[in-house]
Engineer: 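Let me begin by handing over the structure; questions about it come next.
Only heavy atoms go into these numbers, but all of them, side chains included; no hydrogens, no water, no symmetry mates.
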Amino acid sequence: MLKDEELCVGAISELINVSQSAVSHQLRVLKNSKIIKPKKVGKQIFYSLDDEHIKKIYDMGLEHIIKG
């Protein structure tokens with residue numbers, strides 16, 4: 001989901017039907033791994049992929065899975 005847009009914890013939680021605390025935990029792991037980056041807007045934090053390299057790695061992995 002974060003490949004194409006920035007999302008906050010609440011939006012991600014609703015989209016995948018998982019608790020906000022579970023989403024927050026996974027986002028923290030991804031942030032600590034420098035896969036995603038946070039951006040604070042007011043009181044909310046929006047997350048996106050860290051850079052274009054992460055998007056390319058994701059696309060390559062998905063292509064590999066699809067081609068089998």
Side-chain angles (χ1 to χ4, degrees):
M1 282 184 261
L2 297 177
K3 182 177 178 249
D4 298 318
E5 63 182 319
E6 296 178 342
L7 295 169
C8 65
V9 172
I12 296 169
S13 174
E14 284 184 29
L15 287 168
I16 63 173
N17 197 28
V18 174
S19 72
Q20 287 190 15
S21 63
V23 171
S24 291
H25 174 74
Q26 296 303 315
L27 289 173
R28 185 175 25 246
V29 171
L30 293 171
K31 185 179 81 163
N32 289 343
S33 300
K34 299 187 190 261
I35 294 173
I36 63 170
K37 62 183 174 186
K39 179 175 88 175
K40 191 166 186 171
V41 178
K43 291 184 178 185
Q44 285 196 314
I45 299 175
F46 288 83
Y47 296 90
S48 62
L49 294 183
D50 191 46
D51 61 27
E52 282 298 313
H53 293 103
I54 300 298
K55 290 180 184 180
K56 288 179 184 177
I57 291 168
Y58 173 82
D59 287 340
M60 287 171 34
L62 187 59
E63 181 181 339
H64 179 74
I65 290 168
I66 292 171
K67 288 185 177 181

Engineer: Using atom types as modelled, flag every donor-acceptor pair under 3.5 Å from a side chain in residues 6-19 to any protein atom, sequence neighbours excluded.
Structural biologist:
from, atom 1, to, atom 2, distance (Å)
Glu6, OE1, Lys39, NZ, 3.0
Glu6, OE2, Lys39, NZ, 3.4
Ser13, OG, Val18, O, 2.4
Ser19, OG, Ser21, OG, 3.3
Ser19, OG, Ala22, N, 3.2

Engineer: Verify the cluster assignment for Ile45 and Leu49: are they in a single hydrophobic cluster under the rule of side-chain heavy atoms below 4.5 Å apart?
Structural biologist: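 Both belong to a single hydrophobic cluster.
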
Engineer: Please walk me through it: do Glu52 and Lys56 pass salt bridge (Lys or Arg N to Asp or Glu O under 4.0 Å)?
Structural biologist: CA-CA 6 Å; Glu52 282 298 313; Lys56 288 179 184 177; 5.9 Å; no

Engineer: Report the residue from Ile54, Val29, Leu27, Asp50 that forms a side-chain contact (heavy atoms from CB on, under 4.5 Å) with Ile36.
Structural biologist: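 Result for side-chain contact (heavy atoms from CB on, under 4.5 Å) with Ile36: Leu27.
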
Engineer: Taking atom NZ as the centre, does Lys31 end up with more than 12 heavy-atom neighbours from other residues, nucleotides or ligands that are less than 6.0 angstrom away?
Structural biologist: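 No, NZ of Lys31 has 12 or fewer neighbouring heavy atoms, counting only those of other groups under 6.0 Å.
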
Engineer: Honestly curious: do Ile35 and Val23 fall in one hydrophobic cluster under the side-chain, below-4.5 Å linking rule?
Structural biologist: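 Yes, because Ile35 and Val23 connect within a single hydrophobic cluster, where side-chain heavy atoms sit under 4.5 Å apart.
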
Engineer: Mind checking whether Met1 and Tyr47 sit in one hydrophobic cluster, side chains of I, L, V, M, F, W, Y counted as touching below 4.5 Å?
Structural biologist: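 In one cluster with Met1: Tyr47, yes.
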
Engineer: Which residues satisfy the side chain to side chain donor-acceptor pair (under 3.5 Å) test with Asp59, sequence neighbours excluded?
Structural biologist: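 Lys3.
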
